[in-house]
2 protein chains.
Amino acid sequence: MEETAEQLQKTVTHLADLLHSGQDEDFVVSFKALHDFEMGQVYSSLPEQMRAVAWRLLDDETLADVFDNLDADDDDIGELLQEMPPQKATEILRNMYADNEADVLQNLPSRLVATYLSLMPKAEADEMRKLIDYDDQTAGSLMSTEYLAVTEDLRVVEVMRLVKHQAAEAEAISYVYVLDNQKHLVGVISLRDLLTHPDDMLVSDITNDRIISVKAGDDQQDVAQIVADYNFLSIPVTDDNDLLLGVITVDDIVDVIDEEAVEDYSGLAAVNVSQTDDTPWHSAIKRIPWLIALLLLGMSTATLISSFDGLVKQASILAVFISLITGTAGNAGTQALALAVRRLAVGTDNTAWKNFWSEVLAGLLVGTATGASVFAIVTIWKHNFELGLAVGIAMAIAIMVANLAGYLVPVLIDKLGFDPAVASGPFITTLSDLTSVLIYFNVAQLFISHFIGN
Amino acid sequence: MEETAEQLQKTVTHLADLLHSGQDEDFVVSFKALHDFEMGQVYSSLPEQMRAVAWRLLDDETLADVFDNLDADDDDIGELLQEMPPQKATEILRNMYADNEADVLQNLPSRLVATYLSLMPKAEADEMRKLIDYDDQTAGSLMSTEYLAVTEDLRVVEVMRLVKHQAAEAEAISYVYVLDNQKHLVGVISLRDLLTHPDDMLVSDITNDRIISVKAGDDQQDVAQIVADYNFLSIPVTDDNDLLLGVITVDDIVDVIDEEAVEDYSGLAAVNVSQTDDTPWHSAIKRIPWLIALLLLGMSTATLISSFDGLVKQASILAVFISLITGTAGNAGTQALALAVRRLAVGTDNTAWKNFWSEVLAGLLVGTATGASVFAIVTIWKHNFELGLAVGIAMAIAIMVANLAGYLVPVLIDKLGFDPAVASGPFITTLSDLTSVLIYFNVAQLFISHFIGN
């Protein structure tokens, strides 16, 4: 990867040099020979004054390729567009794939969006407004409206002619969608089938009518799961009346899977890991709010221990096992949390009660095994059977409770309609610190008369 | 998803009924109308005695589709294959895509592999042995050897004829690879370009010679990153002499991204979350070893606190802040860990020293901010400035250390050549418990003469 970054820098320098020395034509040829992804990387890496020359030299379609390959969430597309007059920016947007165009517009200030839409033909602007309106993270927000659609009464040769004609425009050419007269989606033909069947065959004879489609409002994670399971290169999106609205291509699905994974991972660690090149300052700013919030929750544990001060004064040995019990219960809670979040993500969590009892049982097993180990260790170490028993029992119960909390918190968040991945590991460990300490000191209180004498 | 599971069960029942009532032909027609993914799901869900009928009725190609769509890691493909005579199983394997065939063979007992390979034509068996030999998680283990390759001197119409001819066989038809006479990869043509250029054009005129390829030994995660960045539908794999070995298709990349995400997530939580339908027993068995290992590490913290028993006896108030400091430092460590693992995964970690100092600086900021908050809270709560100062300073240092540990552990694991994602959050929190307690009691010792009087 290091190599790639270096290569990119070399390409940028080379292209900037061409512009600098007035070799405009060579610049255009070299730039257009780049892969689309590289065009995006190079263009956004050029010095601003070089970009001012570059966009004047490059045609709208090439510039659309550039912007198609920038990340609408991360890259400063708005600023790049504002380096050009609104008319030019609008032409570039119009040449982009509709889904990317909508992504870019969704991330621009509304003033700019209004400007760009006002410069488009009305029908196109209306269509774009519809796309922009789909909620983020739904199928609608991912779909492209450039697809190949035909009617059932055509023959293979006619469809191939259409495919050839539209291939340069459409984002996905691996499938052709078959519509009836009312534009309902009735089937799909793969390009592979078109290529392997005789020219004069009727479309209806090779149409696969077992359509797997999604609705525009479907969650992007569910869509990604279907595409991953079925190994599709694209999937059609329909409305409630089976009218074809658009298609989602596998490259967007790859991004979704990556994005969701980063979200889950960030959630578990209580820190947003999506920006890996933050400055120390920005990185700290992101972490501090979480830490302070968890610190306040942790204060309740401190207050609780404080209320058991009399007990600690009686038996200072109790202080020894606080971090062992809170730490281990926290680890168990984190495990249960991760399993629950994953189960919700892959959608096997359809029998919540069965899972609840499974998790209770797993917690009992884990708690008992760990509690027994601690009992043995402490009894031998401190030559104190009662102390070992107290710590072992407290540990077992604390783990069972933390385990159940780790399971229930994401399930409840999911039931409330939020993404269960926001349930963070640090939140669960801090919460379980509280319950663990409560359990520990109460159990210790029961046993104290026994082990304090030893 | 629930719906899908129900639908699947219905389909299975329906197809089993057809077999049961002797409607064999209807079974075959209905089965073959299923999507490939569904064929896999349905076949493996049929009762064993029904499968014994099913494989006799279905042709080798359809059965190959079935096995192509089962997960070689998860599903009991070995058992399904052993339900048939070795000759039949071998024929099915031979009809599968080479990458899937190799995956299946890699997961079978060596006795079975030897049997199946011995029943294949020698050339084919030799080729398969090569594929099996690629290390898991490398490009070689993902690649398929069925691709479309042509020489430069052909015309578009001739290539299209080849494409049509091989379309039914090859796994990926979106790109055609161009080889020179020595079989070196010299370029690539997209099917899109073939469709949009005149029949009599020379291949060499539309070949893109800016090839992005990977080596067979490359890490699958790096390959996935390239495919995701470039929005490729497949990527060629070459050896060190640029000979084309195979291609990796985007459906396998989707699986890799998913697999790597699950691994990272599992690592962070110290539990393998890849099996979401485990029994409570199996689930507990997976969690207990980690918890016990961490417990033993946690015992060192307990021992350390035990060695400070005199201090706790003097000032039982010290017990109050143990869990607050260990918990908060653990949270900070988890954040740093997650950021470091992610940075290593996306490969921006190419300037380790810069990152080291960035992380030190971020830790200073986070530690100072959190320490200051704790100082204020404790001072006000306990009306004890010196105690607040001791806890605040201890907290700040403990966070800085935990933060640095969270950063360094995955970086060191990576330098040692292992996957940094194995560095778990619970490991870091348990480790930082130790350092935090050490810091806390040493700082407290310095201040104790001041705050014990209040």
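Note: hydrogens, waters and symmetry copies are ignored here, and every other heavy atom, side chains too, is used. Each chain gets a letter, A, B and so on, in the order the sequences are listed, and its residues count up from 1.
- Minimum heavy-atom separation, B:L233 to A:S174: CD1-OG, 4.5 Å.
- Taking both residues in full, the closest heavy atoms of B:P280 and A:L365 are given as O-CD1, 4.0 Å, listed atom of the first, atom of the second, then distance.
- Looking at A:E260, neither its backbone nor its side chain comes within 4.5 Å of chain B, counting heavy atoms on both sides.
- Only the side chain of B:I377 comes within contact range of chain A, judged by heavy atoms closer than 4.5 Å.
- The line from CG of A:N331 to CG of B:L291 is 6.0 Å long, rounded to the nearest 0.5 Å.
- Only the side chain of A:M160 has a heavy atom closer than 4.5 Å to any heavy atom of chain B.
- Of the atoms belonging to A:V163, it is side-chain heavy atoms, and not backbone ones, that fall under 4.5 Å from chain B.
- In this structure the side chain of B:N403 reaches within 4.5 angstrom of the side chain of A:R287, judged on heavy atoms.
- Separation of the A:Y230 and B:F37 ring centroids falls under the 6.0 Å cut-off.
- Comparing B:W290, B:F308, B:F321, B:W381 by heavy-atom pairs within less than 4.5 Å of chain A, the highest count is held by B:W381.
- In this structure, chain B has heavy atoms under 4.5 Å from both the backbone and the side chain of A:W281.
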Hey, mind stepping through A:V273 and B:V341 against side chain to side chain contact (heavy atoms under 4.5 Å, CB included) and telling me if it holds? CA-CA 9 Å; A:V273 299; B:V341 169; over 6 Å; no
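- Among B:L295, B:T328, B:T334, the residue making the largest number of heavy-atom pairs under 4.5 Å with chain A is B:L295.
- In this structure, A:I305 CD1 and B:L324 CG are separated by 8.5 Å, a value rounded to the nearest 0.5 Å.
- For the pair A:V254/B:V254, a side-chain contact is recorded, criterion being any heavy-atom separation below 4.5 Å from C-beta on.
- In this structure, chain B has no heavy atom under 4.5 Å from any part of A:V360.
- Counting heavy-atom pairs under 4.5 Å between each of A:L364, A:V320, A:L195, A:V366 and chain B puts A:V320 at the top.
- Ranking A:D433, A:T370, A:I399, A:T326 against chain B, the residue ahead of the rest is A:T370, based on heavy-atom pairs under 4.5 Å.
- With respect to chain A, the highest number of heavy-atom pairs below 4.5 Å among B:R192, B:K382, B:M299 belongs to B:R192.
- Across all their heavy atoms, A:A270 and B:Q335 have their closest contact at O-NE2, 2.7 Å.
- When heavy atoms are compared at a cutoff of 4.5 Å, A:K286 does not approach chain B at all.
- In terms of heavy atoms, A:H35 sits closest to B:R210 at NE2-O, 2.5 Å.
- Between B:T279 and A:S358, every side-chain heavy-atom pair lies at or beyond the 4.5 Å cut-off.
- In this structure, CD1 on A:I257 lies 11.0 Å from CD1 on B:I253, to the nearest 0.5 angstrom.
- A salt bridge between A:E263 and B:R342 is absent, with no side-chain N of the basic residue lying under 4.0 Å from a carboxylate O of the acidic one.
- Annotation: side chain of A:T429 is not in contact with side chain of B:T429 (no heavy-atom distance under 4.5 Å).
- When every heavy atom of A:A319 is checked against every heavy atom of B:I322, the shortest pair comes out as O-CD1, 3.8 Å.
- A:V312 and B:S316 get closest at one heavy-atom pair: CG1-CB, 4.0 Å.
- Among the candidates B:D251, B:T249, B:I285, the residue making the largest number of heavy-atom pairs closer than 4.5 Å to chain A is B:D251.
- Contact count versus chain A (heavy atoms, under 4.5 Å) is highest, among B:D255, B:V262, B:D193, for B:V262.
- Residues A:V271 and B:L339 have side chains in contact (heavy-atom distance under 4.5 Å, counting atoms from C-beta outward).
- Taking chain B as the reference chain and counting heavy-atom pairs below 4.5 Å, the highest number among A:G363, A:G298, A:S373, A:P426 is found for A:P426.
- Taking B:G327, B:A269, B:G40, B:A228 one by one and counting their heavy-atom pairs under 4.5 Å with chain A, the maximum is reached by B:A269.
- The distance from the CD1 atom of B:I325 to the OG atom of A:S323 is 11.5 Å, given to the nearest 0.5 Å.
- Taking CG of B:L191 as the reference point, atom CD1 of A:I173 lies at 5.0 Å (rounded to 0.5 Å).
- The most heavy-atom pairs under 4.5 Å with chain B, out of A:N208, A:I212, A:L297, A:V437, come from A:I212.
- Counting heavy-atom pairs closer than 4.5 Å to chain B, the top-ranked of the candidates A:T301, A:L34, A:V227 is A:L34.
- Both the backbone and the side chain of A:T303 come within less than 4.5 Å of a heavy atom of chain B.
- Contact count against chain B (heavy-atom pairs under 4.5 Å) is highest for A:S306 among A:A224, A:S306, A:A261, A:S283.
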